[in-house]
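In what follows, a single structure is set out as structure tokens and then discussed.
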Amino acid sequence: MDARDERILTGAVIGAGAGFITAKVFDADSDWIVLTALTGAAIGALVARNTRTNECAYNNGDGRYRVRRCG
């Protein structure tokens, strides 16, 4: 596993943990706990990947996105 993969895996784990904790704080049922953990994992992986490339997706306002340097 290279550094890029480690960063994405770490982001996914942190995101899943944050989703799980958030659902537990709000006393969600088990379906919502799983859903928030999976959503958190996906978001965490994407944030980690985008941090490495310093690219962000910007909404054009018409349903399309453009990717360019963050800032």
Side-chain angles (χ1 to χ4, degrees):
M1 181 179 289
D2 63 8
R4 176 185 170 271
D5 292 338
E6 281 185 22
R7 187 176 303 125
I8 291 171
L9 179 61
T10 301
V13 169
I14 291 170
F20 176 82
I21 290 169
T22 301
K24 291 298 268 182
V25 165
F26 287 104
D27 198 29
D29 67 16
S30 58
D31 292 336
W32 279 105
I33 292 171
V34 170
L35 182 65
T36 57
L38 291 174
T39 302
I43 291 170
L46 288 173
V47 167
R49 187 176 70 194
N50 290 343
T51 300
R52 186 187 124 283
T53 63
N54 196 31
E55 292 180 327
C56 294
Y58 295 94
N59 187 337
N60 288 333
D62 61 0
R64 293 181 300 151
Y65 293 85
R66 66 186 184 285
V67 177
R68 65 179 198 189
R69 291 263 184 229
C70 298

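For clarity, every value in this text was computed on a predicted model and none was experimentally measured.
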I need the full list of side chain to side chain donor-acceptor pair (under 3.5 Å) pairs touching residues 26-44, with sequence neighbours left out, sorted by first then second residue. none
Common cluster, I33/I21, ILVMFWY with side-chain heavy-atom separation under 4.5 Å: yes
Which atom pair, heavy atoms only, marks the closest approach of Y58 to R69? OH-O, 3.5 Å
Using side chain to side chain contact (heavy atoms under 4.5 Å, CB included) as the criterion, list what pairs up with V13, not counting sequence neighbours. L9
About how many Å separate CG of D5 and OG1 of T10, when rounded to the nearest 0.5 Å? 10.5 Å
Could you list the residues that satisfy salt bridge (charged side-chain N to carboxylate O under 4.0 Å, His left out) with R64, not counting sequence neighbours? D62
